Amino acid sequence: MNEEKAWYKKKVVWKWIGIVFVALCILGAILPEPPEEKSDVKEVVKDPTEQKDKNKEIVVTEEEEKVQKDSETTKDLEIKNKPAEIKILTKEEVLKKFEMDADIAPYINKPFIFKDSNTDIADYYALADNDRYRNASVIFKDGQIARVKLIPLNNIKAEILFEEFGISSPLVNRLPGMAGAFEATPIPAYSSQNIERYPFELD
């Protein structure tokens, strides 16, 4: 009588085991790996010291951003509040900007006599009166303002009027003995106190 072989001794069983093993290997090679899942436990288990350092970094970053924004705001305010640079107008710019007195002809390339008896050649223009100033005149030397003289009206500050000529307030002076007259002399030699005779006095 033939005894039946144990299952692990049968070739058919090992054949199928081999087939299943090969199939699993092929499937393992074909199928993509599953995405790694983020574990909430890991976040919770983080070292408390590390979390504190992270929070500290965030606070420092926010503080740095605030300081940077404050610095930028301060710079913007400084730029806005910075007074515009005043540049003295040229003769050409003055003649375009201001109305000349039509009743008084300009004196161009005419002599001025100074108190030390020296003379110099310059241009003299009288400006038309308006509701801001009267008796205004401008002397030009080589196309640049040598002197501006005027009498402000209607409580307008002299400094504001001279700024329209590009002349800053340190150059503006009130003339003694003349009713409310002010002058600015970018070229000091042409100060009223230094001029002995004007071109119109030499005609």
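Please read these numbers as outputs of a predicted model, since none were measured by experiment.
Shortest non-hydrogen contact noted between Pro186 and Ile167 is CG-CD1, 4.2 Å. Of all non-hydrogen atoms in Pro111 and Pro199, the two that sit nearest each other are O-CG, 3.4 Å. Shortest non-hydrogen contact noted between Ile139 and Ala122 is CG2-CB, 4.0 Å. Across Ile195 and Lys115, no two heavy atoms sit closer than the pair O-CE, 4.1 Å. Nearest heavy-atom pair, Ala158 versus Val172, reported as atom, atom and distance to 0.1 Å: CB-CG1, 4.4 Å.
Under a hydrophobic-cluster definition in which Ile, Leu, Val, Met, Phe, Trp and Tyr are linked whenever side-chain heavy atoms come within less than 4.5 Å, directly or via other members, Ile104 and Phe140 are assigned to different clusters. Under the 4.5 Å side-chain heavy-atom criterion for grouping Ile, Leu, Val, Met, Phe, Trp and Tyr, Leu89 is not connected to Tyr190 through any hydrophobic cluster. Linking ILVMFWY side-chain heavy atoms closer than 4.5 Å, directly or via other members, places Phe98 and Val138 in a single hydrophobic cluster. By the rule that hydrophobic residues join a cluster once side-chain heavy atoms approach within less than 4.5 Å of another member, Ile156 and Tyr133 end up as members of one cluster. Linking Ile, Leu, Val, Met, Phe, Trp and Tyr whenever their side-chain heavy atoms come within less than 4.5 Å puts Met100 and Ile108 in one cluster.
Taken to the nearest 0.5 Å, the CD1 atom of Ile121 stands 14.5 Å off from the OH atom of Tyr107. In this structure, the separation between CG on Leu153 and CG on Asp131 is 8.0 Å, given to the nearest 0.5 Å.
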Next on the checklist: side-chain contact (heavy atoms from CB on, under 4.5 Å), that's the test. Do Ser168 and Glu159 meet it? Break it down for me.
Outcome noted: CA-CA 7 Å; Ser168 58; Glu159 289 79 8; over 6 Å; no
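Under a 4.0 Å N-O distance rule, the pair Asp123/Lys91 qualifies as a salt bridge.
With sequence neighbours excluded, no residue satisfies salt bridge (Lys or Arg N to Asp or Glu O under 4.0 Å) with Lys149. Not a single salt bridge (Lys or Arg N to Asp or Glu O under 4.0 Å) links Asp129 to another residue, sequence neighbours left out. Applying the salt bridge (Lys or Arg N to Asp or Glu O under 4.0 Å) rule to Glu99 yields no partners; only residues at least two apart in sequence or on another chain are considered. Residues passing the side chain to side chain contact (heavy atoms under 4.5 Å, CB included) test with Ala181 are Ile151, Leu175, Met178, sequence neighbours excluded. Take Arg132 and apply the salt bridge (Lys or Arg N to Asp or Glu O under 4.0 Å) test, not counting sequence neighbours, and it matches Glu164. Looking at residues two or more places apart in sequence or on another chain, you find a side chain to side chain contact (heavy atoms under 4.5 Å, CB included) between Asp116 and Phe114, Asn118.
Formation of a donor-acceptor pair under 3.5 Å by the Glu183 side chain with backbone atoms of Ser192 is found in this model. The backbone N or O of Ile187 sits nowhere less than 3.5 Å from a side-chain atom of Thr185 that would complete a donor-acceptor pair. Judged purely by atom type and a 3.5 angstrom limit, Lys87 has no side-chain atom pairing as donor or acceptor with the backbone of Gly166.
Of the options Thr90, Leu95, Val94, a side chain to side chain contact (heavy atoms under 4.5 Å, CB included) to Glu92 is made by Thr90 and by none of the others.
Inter-residue side-chain proximity for Ile145 and Phe165 is flagged as met; some heavy-atom pair is nearer than 4.5 Å.
In the displayed structure, Lys141 atom NZ is contacted under 6.0 Å by more than 12 heavy atoms of other residues, nucleotides or ligands. Within 6.0 Å of NZ on Lys97 lie more than 12 heavy atoms contributed by other residues, nucleotides or ligands.
The distance between the ring centers of Tyr124 and Phe200 falls below 6.0 angstrom.
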